[in-house]
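The structure appears right after this line, and notes come after that.
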There are 2 protein chains.
Amino acid sequence: MATETIGQRMTAQRRLLLDIIRSANDHIDADGLYRQAKERDPRISLSTVYRNLSLLKDVGLIAERRLGEGHHHYEINVAPHHHHLVCVECGVVFEFESHFTEKMKAAVEEASQYVITNIEVNMQGHCRDCLEKSSQ
Amino acid sequence: MATETIGQRMTAQRRLLLDIIRSANDHIDADGLYRQAKERDPRISLSTVYRNLSLLKDVGLIAERRLGEGHHHYEINVAPHHHHLVCVECGVVFEFESHFTEKMKAAVEEASQYVITNIEVNMQGHCRDCLEKSSQ
DNA sequence: CCCTTATTGCAAATGCTTCCCAATAACAAT
DNA sequence: ATTGTTATTGGGAAGCATTTGCAATAAGGG
């Protein structure tokens, strides 16, 4: 008795999914991940994709974003903190960070008496390309 | 011919829904709205709730927020702009505004070359009450 | 090489939201 | 008032992203 394993086995599927997420240079969603994974392992299941996304998220390896409506996007957790500006026309995402968030956090913590654990800034707008297209 | 009405009839249901949203002092969700509406008009349909939420949103009378996971919350559009800090334990929402957002907008517009139309700041944390409860 | 137990695949279930369509009701013009 | 036009409704079915149940599989410590 007592084979205390508290989680995390490195399965082929998990390795595959992590690999795809790592090499994806933009934010990927569950369906895109599923499709790419199926190319390399046709028997992989959509449940496995969701289960692993959720696990990787819990562990802190990836971050979950809701950039638009309907579904989530995921990205590897590397940059300590950054935010998103999405073009409402074409969906292109501009990432940024700002020292203003720290100041804002301090001010809001003071005002609210909360202990703030997370800040997320989402902006929408029109990117240069779309602006040019519509002005012609 | 030519009875050009391009929309918006004031129906009893629409009046009722608006009334409930107005008198709700916190962010309400579709289901809560539906339940409250049914108390006053048992025949009202959930479709009607969703249709009117979407219409009121398009018209700009209410704002749609995704404060947590899963579903949306709605609130009357009055305060020009404010943001949200949600307690992850009990869900209580603290609203705030900050002049830092304007500065951040300017900086990000400059860096990205986008035209920014909307900014949303979502924070999570622990509220005073929950902190006290868990420290006892 | 076993044995335990995390993990998988598949299918069915969920939760929120949207869509379809025939019946109803608003409101402008008669 | 009455009509005609058309937005709106109720109800149920469909849709989409995600979760869950369960028997079969496989990881990795002993």
Side-chain angles (χ1 to χ4, degrees), chain A residues 1-21 27-59 61-75 91, chain B residues 1-21 27-59 61-75 91:
Chain A
M1 57 182 62
T3 309
E4 282 301 56
T5 336
I6 336 99
Q8 277 73 301
R9 284 178 187 173
M10 186 46 65
T11 66
Q13 294 91 329
R14 194 160 287 169
R15 202 178 347 257
L16 172 59
L17 292 173
L18 252 178
D19 192 47
I20 295 172
I21 298 174
H27 312 77
I28 198 170
D29 57 16
D31 190 61
L33 182 53
Y34 177 51
R35 272 203 302 265
Q36 286 193 48
K38 233 176 14 182
E39 285 176 18
R40 292 208 245 161
D41 173 3
R43 287 192 37 71
I44 201 169
S45 141
L46 185 55
S47 316
T48 300
V49 170
Y50 274 109
R51 272 186 296 235
N52 279 304
L53 281 175
S54 145
L55 183 140
L56 294 171
K57 179 181 55 172
D58 288 349
V59 165
L61 260 174
I62 62 174
E64 183 184 70
R65 315 273 179 200
R66 29 197 206 304
L67 298 179
E69 284 307 310
H71 65 285
H72 296 126
H73 288 249
Y74 300 86
E75 65 184 323
Chain B
M1 60 180 60
T3 312
E4 283 301 55
T5 338
I6 334 100
Q8 274 74 300
R9 284 178 188 173
M10 187 45 65
T11 65
Q13 293 91 329
R14 194 160 288 168
R15 203 178 346 258
L16 171 58
L17 292 174
L18 252 179
D19 192 46
I20 295 173
I21 298 176
H27 312 78
I28 198 169
D29 58 16
D31 189 62
L33 182 54
Y34 177 50
R35 272 204 301 265
Q36 286 194 48
K38 235 179 9 185
E39 284 175 18
R40 290 208 247 159
D41 173 3
R43 288 193 34 72
I44 201 168
S45 143
L46 184 55
S47 316
T48 300
V49 171
Y50 275 108
R51 269 186 300 236
N52 279 304
L53 281 175
S54 144
L55 184 138
L56 294 172
K57 178 180 56 171
D58 288 348
V59 166
L61 260 174
I62 62 174
E64 184 184 69
R65 315 272 180 200
R66 31 195 203 305
L67 297 179
E69 284 308 310
H71 65 285
H72 296 126
H73 288 249
Y74 300 85
E75 63 184 324

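Proteins get letters first, then strands, A, B, ... in listed order; numbering begins at 1 in each. No hydrogens, no waters, no symmetry mates; every other heavy atom, side chains included, goes into these values.
- Taking both residues in full, the closest heavy atoms of B:Leu53 and B:Tyr74 are given as CD1-CE1, 3.5 Å, listed atom of the first, atom of the second, then distance.
- In this structure, the CE atom of B:Met10 is 11 Å from the P atom of C:dA26, given to the nearest Å.
- For A:Arg66 and C:dT17, the CZ to P distance is 13 Å, given to the nearest whole Å.
- Separating the CG atom in B:Asn52 from the CZ atom in B:Arg14 is a distance of 4.5 Å, to the nearest 0.5 Å.
- Rounded to a whole Å, the CG atom of A:Leu16 is 15 Å from the C1' atom of C:dT7.
- Atom NZ in B:Lys57 sits roughly 10 Å away from atom C1' in C:dT17 (whole-Å rounding).
- Nearer to the 5' terminus of DNA chain C, by closest-nucleotide assignment, is the contact made by A:Leu55 (compared with the other of B:Glu64 and A:Leu55).
- Of the residues in residues 38-53 of chain B, B:Arg43, B:Ile44, B:Ser45, B:Ser47, B:Thr48, B:Arg51, B:Asn52 come within less than 4.0 Å of DNA chain D through at least one heavy atom, sorted by number.
- Residue A:His71 places its side chain closer to D:dT18 than to any other of D:dT9, D:dT18, C:dG9.
- Dashed line: the shortest gap from a side-chain N or O of B:Gln13 to OP1 or OP2 of D:dG10 is under 4.0 Å.
- Across the protein-nucleic acid pair, B:Arg65 atom CZ and C:dC16 atom C1' stand 20 Å apart, rounded to whole Å.
- Expressed to the nearest 0.5 Å, how far CG of A:Asp29 lies from CZ of A:Arg35 amounts to 7.5 Å.
- Residue B:Arg65 forms a side-chain hydrogen bond (donor to acceptor under 3.5 Å, both in side chains) with just one option from B:His72, B:Glu75, B:His27, and that option is B:Glu75.
- Whole-Å rounding puts the B:Gln8 CD to C:dA28 C1' distance at 16 Å.
- Nearest-nucleotide mapping onto DNA chain C: of B:Ser54 and B:Thr11, the residue sitting toward the 5' end is B:Ser54.
- The structure places NZ of B:Lys38 at 10.0 Å from CD1 of B:Ile44, a figure rounded to the nearest 0.5 Å.
- Contacts between residues 29-37 of chain A and DNA chain D, defined by a heavy-atom separation below 4.0 Å, involve A:Ala30, listed by number.
- Here the CG atom belonging to A:Leu17 is positioned 8.0 Å from the OG1 atom belonging to A:Thr11, to the nearest 0.5 angstrom.
- A:Ile21 is listed as a side-chain neighbour of A:Leu56, based on a closest heavy-atom distance under 4.5 Å.
- Within the model, atoms CZ of B:Arg51 and OG of B:Ser45 stand 6.0 Å from one another, a figure rounded to the nearest 0.5 Å.
- Among the nucleotides D:dG28, C:dT17, C:dC27, the one closest to the side chain of B:Arg9 is C:dC27.
- Aromatic ring orientation, A:His73 versus A:His71: tilted (interplanar angle from 30° to 60°).
- The interatomic distance linking A:Asp58 (CG) with D:dT19 (P) rounds to 10 Å, in whole Å.
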